[in-house]
Amino acid sequence: MQKYLEELNENQRNAVKYIDGPSLIIAGAGSGKTRVLTYKIVHLIKQGIEPWSILALTFTNKAAREMKERMVTLTDEAAVNSLWMGTFHSIFARILRIESAAIGFPSTFTISDTDDSKKLVTEIIKELKLDPNQYPVGDVYKRISMAKNNLVIPSVYETDIEIQKQDLAAKRPDIARIYNLYFVRCKRSAVMDFDDLLLYTNILFRDNAEILKKYQDKFRFVLVDEYQDTNYSQYLIIKKLSSVHHKICVVGDDSQSIYSFRGAKIENILNFKNDFKDYELFKLEQNYRSTKHIVNAANSLIEKNRNRIPKVVFTENEEGEKILVKEFEDDKLEALYVAKAIKKISTAENFKFNDFAILYRTNVQSRAFEDTFRRNGIPYKIFGSISFYQRAEIKDIVAYLRLLINKNDDLAIKRIINYPKRGIGTTTVDKIEEVANSNNVCMWDVICQIEKLNKILNTRAILLIKQFQKLINDLTLKSKESDAVELVNTLLEKTDIKATMSEDKSPEGVNKYDNVQEFVNYVQEWSSRQEENANIENFLEEIALATDQDNDKKDTDRVSLMTIHAAKGLEFKVVFAVGVEEGTFPGFRSVNIPAEIEEERRLFYVAITRSEKYLFITHAKRRMKWGQYQQASKSRFIKEIDNRYLFNETIEENSEQIFDNNKEYSKFALKSQSSFPKEPLIDVSKPKKLKSIDKFLKIDKKVKQTDEQTGLSIGMIVNHVKFGKGKIIQLEGDYPDTKAIVDFEKEGQKNLLLKFAKLTVID
DNA sequence: TTGTGCTGCTTTTTT
DNA sequence: AGCAGCACAA
């Protein structure tokens with residue numbers, strides 16, 4: 001037997017070796033799924049299947065990268081590099097760029113993130129003169145996204161009776177019009193959102209039989225990871241692609257399907273048997289990750305779901321500790337406890353901070369932990385929330401780069417036409433956009449013929465636009481003759497971004513400048529990593545499709561803070577599942593919807609199964625939400641876990657006590673007494689809180705009778721150029737920020753800054 | 001045309 | 001509680 005096959009258990013090995021037809025691998029949590037997938041691809045290569053004819057679709061880029069790294073140790077590196085392996089989005093973006101002509105796009109189309117896409121939808125809602133309250137962008141965008149994921153294009157959307165009935169019932173009959181215009185605009189701008197990448201792949205294959213045939217022939221073997229989280233659009237793509245060779249292998253776990261909110265269909269995995277009747281089924285049920293207690297607890301929970309593929313996950317690992325369930329008075333005490341527990345356990349067990357993860361349902365919950373960890377000197381890294389590339393200062397630079405490559409990108413133009421400030425105001429931009437829309441061309445086309453607008457724009461505006469046009473043209477030229485790093489540096493110089501930013505000495509400004517610096521460093525690092533194609537197009541593609549997990553700073557020893565969704569596929573020695581309360585987990589939107597409760601339950605299952613040795617489940621009686629404390633009770637999910645695997649600890653009166661009334665966990669309590677500093681744990685009142693109080697204090701303290709600088713006093717009657725006659729009723733602040741509240745006869749009370757407002761004393 | 005304070009919205013999860 | 005987008009003041 002080949003050496004790599006010996007490293008697998010029997011079920012794993014059988015799954016790897018079966019390459020004669022379709023197969024479904026049901027892989028329980030921690031059952032070595034990644035290993036099986038990795039080895040299967042290696043096996044295929046060793047069986048003589050050319051690596052470039054293997055299509056392997058993963059859920060994140062990171063997963064693909066890690067598998068490739070592992071494969072390199074098992075087989076030839078060149079072979080690994082010629083695999084078609086990556087996320088659905090990145091693989092099909094690649095194919096769409098090659099075949100772009102067939103769908104009427106330039107190969108340089110831009111991939112837009114959700115923020116930008118929503119911005120465009122917002123503008124369209126405004127343009128159609130629809131009420132933004134009746135059409136909240138989030139809801140509208142979701143509706144469009146769902147339509148795309150089910151391959152419903154605008155012309156179908158507006159004629160589909162069922163869809164129209166739904167929109168009418170929701171009192172949003174005009175979503176069809178929004179969708180249609182959004183679709184048209186994206187195409188005109190040569191922009192695709194995430195859903196478009198899959199939708200246009202389907203359109204490409206539907207309308208071009210010879211292109212479909214080319215890829216059907218090419219991909220002799222198709223593998224799909226995390227199959228339970230594929231949507232209809234993805235399902236159809238792989239079904240079509242594998243219909244010639246009939247060699248498809250999907251891997252997944254129905255118990256870990258957690259993405260239905262973005263269109264994932266658990267039915268894809270449940271119905272695989274119908275789609276590929278001659279399939280072989282492999283079940284990986286032995287868990288190598290967690291203790292018996294953890295595996296059993298997870299099993300007892302997931303049993304409560306109705307819709308599942310029968311399987312029993314078991315482990316031969318040690319029994320381990322019971323799961324510690326703990327209740328707190330509020331979210332702050334919860335965070336404090338977690339901080340202490342991490343310190344104690346890391347000392348007692350000699351674990352690194354990397355071994356710990358805090359998993360929560362929603363991103364906002366990270367805040368309490370951030371504060372507490374910072375104050376207690378626990379290093380942490382947060383995944384999710386605002387990623388680096390979402391920051392405004394980075395998006396500005398990226399918008400320039402986008403425009404250099406795709407001149408149709410109106411969104412990019414609007415973002416940077418007046419950044420840094422160059423005197424092109426909204427009025428001018430609006431006019432350009434109007435002309436573009438009414439002639440159905442993109443804004444850049446209008447900019448290139450700006451002289452023709454001499455009737456509606458003044459000469460100054462035209463001159464400024466021409467300067468902007470020249471700047472972009474010069475940079476475009478530059479982009480063709482220099483590498484990415486050089487281009488970005490030139491860009492920062494020539495656009496004056498560098499100069500403008502370095503002038504800003506405020507803490508925020510300095511931070512922004514640092515971020516830009518980091519961006520340049522990142523470009524540098526990225527370029528040096530590329531063997532070829534270190535061009536800016538590839539760079540943009542990579543950052544557009546980057547995930548949070550992809551930015552993992554592996555080398556640093558920090559506690560991980562992330563949502564459970566982000567934790568999918570990861571494992572940690574110690575996991576804290578926090579905020580496990582009704583209304584938070586399950587979320588208040590799900591509590592009355594059985595199908596969603598099942599999904600939330602699967603999500604909790606994912607959380608539990610991330611842990612290897614110790615698992616803590618915590619919940620608080622009240623939690624700060626929407627700026628207010630809200631009462632909450634223990635989640636139903638905690639009650640659903642078989643009590644045999646739980647240790648319920650009573651509420652602690654004194655939060656300094658930790659583990660003390662728990663025999664199993666007390667070993668941590670004894671050893672670490674001295675290593676745990678007391679002082680920083682004292683809850684100092686947040687400086688942030690003071691800020692809002694400050695506002696009131698200012699008014700009280702700095703109010704004065706007379707302003708020495710101008711000689712104005714309360715009670716004086718003054719004249720203002722615009723507002724006319726009025727009486728000073730208050731003076732506050734010191735020069736140069738002295739403010740006066742003046743009660744004008746005609747206009748009422750106004751707040752005026754004395755350094756600007758020229759008040760003359762009457763009388 | 002540019003800068004600032006206020007209102008109102010957000011909270012599910014993300015490629 | 002925090003932020004983004006919008007309305008006013010110079």
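Each chain gets a letter, A, B and so on, in the order the sequences are listed, and its residues count up from 1.
- Among C:dG2, B:dT12, B:dT2, the nucleotide with an atom closest to any side-chain atom of A:Lys421 is B:dT2.
- What separates CG of A:Asp331 from P of B:dT11 is a distance of 19 Å, to the nearest Å.
- For the pair A:Tyr141 OH and B:dT15 P, the interatomic distance rounds to 13 Å; values are reported in whole Å.
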Could you pull out the protein-nucleic contacts involving nucleotides 4-6 of chain C (nitrogen or oxygen on both sides, under 3.5 Å)?
unit_1	atom_1	unit_2	atom_2	d
C:dC6	OP1	A:Lys126	NZ	3.4

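- Applying the side-chain hydrogen bond (donor to acceptor under 3.5 Å, both in side chains) test to residues at least two apart or on different chains, none of the pairs has a partner in residues 456-465 of chain A.
- For A:Thr563, whose side chain is taken as the heavy atoms from C-beta onward, the closest listed nucleotide among B:dT14, B:dT15, B:dT12 is B:dT14.
- Taking the nucleotide of DNA chain B with the nearest heavy atom to each of A:Leu603 and A:Gly425, the more 5' of the two is matched to A:Gly425.
- Residues from residues 256-267 of chain A that place a heavy atom under 4.0 Å from any atom of DNA chain B, listed by number: A:Tyr259, A:Phe261, A:Arg262.
- The residue A:Lys625 sits apart from the nucleic acid: no heavy atom pair falls under 4.0 Å.
- Taking A:Glu226 as the reference, A:Lys33, A:Lys568 meet the salt bridge (charged side-chain N to carboxylate O under 4.0 Å, His left out) condition, with sequence neighbours excluded.
- Residues satisfying the salt bridge (charged side-chain N to carboxylate O under 4.0 Å, His left out) test with A:Arg402, not counting sequence neighbours, are A:Asp116, A:Asp409.
- With sequence neighbours excluded, no residue satisfies salt bridge (charged side-chain N to carboxylate O under 4.0 Å, His left out) with A:Lys265.
- Ion pairing between a basic and an acidic side chain is recognised when a charged N comes within 4.0 Å of a carboxylate O; A:Glu541 and A:Arg94 show no such pairing.
- A:Asp496 has no carboxylate O lying under 4.0 Å from a charged side-chain N of A:Arg422, or vice versa, which leaves the two without a salt bridge.
- Using a cutoff of 4.0 Å between basic side-chain nitrogens and carboxylate oxygens, A:Lys126 and A:Glu123 are not scored as salt-bridged.
- At a threshold of 4.0 angstrom between heavy atoms, the contacts of A:Thr427 are confined to the sugar-phosphate backbone, with no base atom among them.
- The side-chain hydrogen bond (donor to acceptor under 3.5 Å, both in side chains) check on A:Thr495 picks up nothing, with sequence neighbours excluded.
- A:Gly138 comes within 4.0 angstrom of nothing in the nucleic acid, heavy atoms only.
- In this structure, the OH atom of A:Tyr629 is 12 Å from the C1' atom of C:dA1, given to the nearest Å.
- Nearer to the 5' terminus of DNA chain B, by closest-nucleotide assignment, is the contact made by A:Ile424 (compared with the other of A:Leu198 and A:Ile424).
- B:dT15 atom P lies 14 Å from atom CG of A:Asn231, rounded to whole Å.
- Within 4.0 Å of A:Asn418, counting heavy atoms only, lie sugar-phosphate atoms of the nucleic acid but no base atom.
- Evaluation of the salt bridge (charged side-chain N to carboxylate O under 4.0 Å, His left out) rule for A:Asp330 yields A:Arg622 as partners, not counting sequence neighbours.
- Across the P atoms, B:dT13 and C:dA4 are found 15 Å apart, a figure rounded to whole Å.
- For the ring pair (Phe, Tyr, Trp, His ring centres under 6.0 Å) test, no residue two or more places apart in sequence or in another chain qualifies with A:Tyr629.
- Between A:His89 atom NE2 and B:dT15 atom C1' there is a gap of 4 Å when expressed in whole angstrom units.
- Which of C:dC3, B:dT12, B:dT11 sits closest to the side chain of A:Arg367 comes down to C:dC3.
- Looking at heavy-atom distances under 4.0 Å, A:Asp196 makes no contact with the nucleic acid at all.
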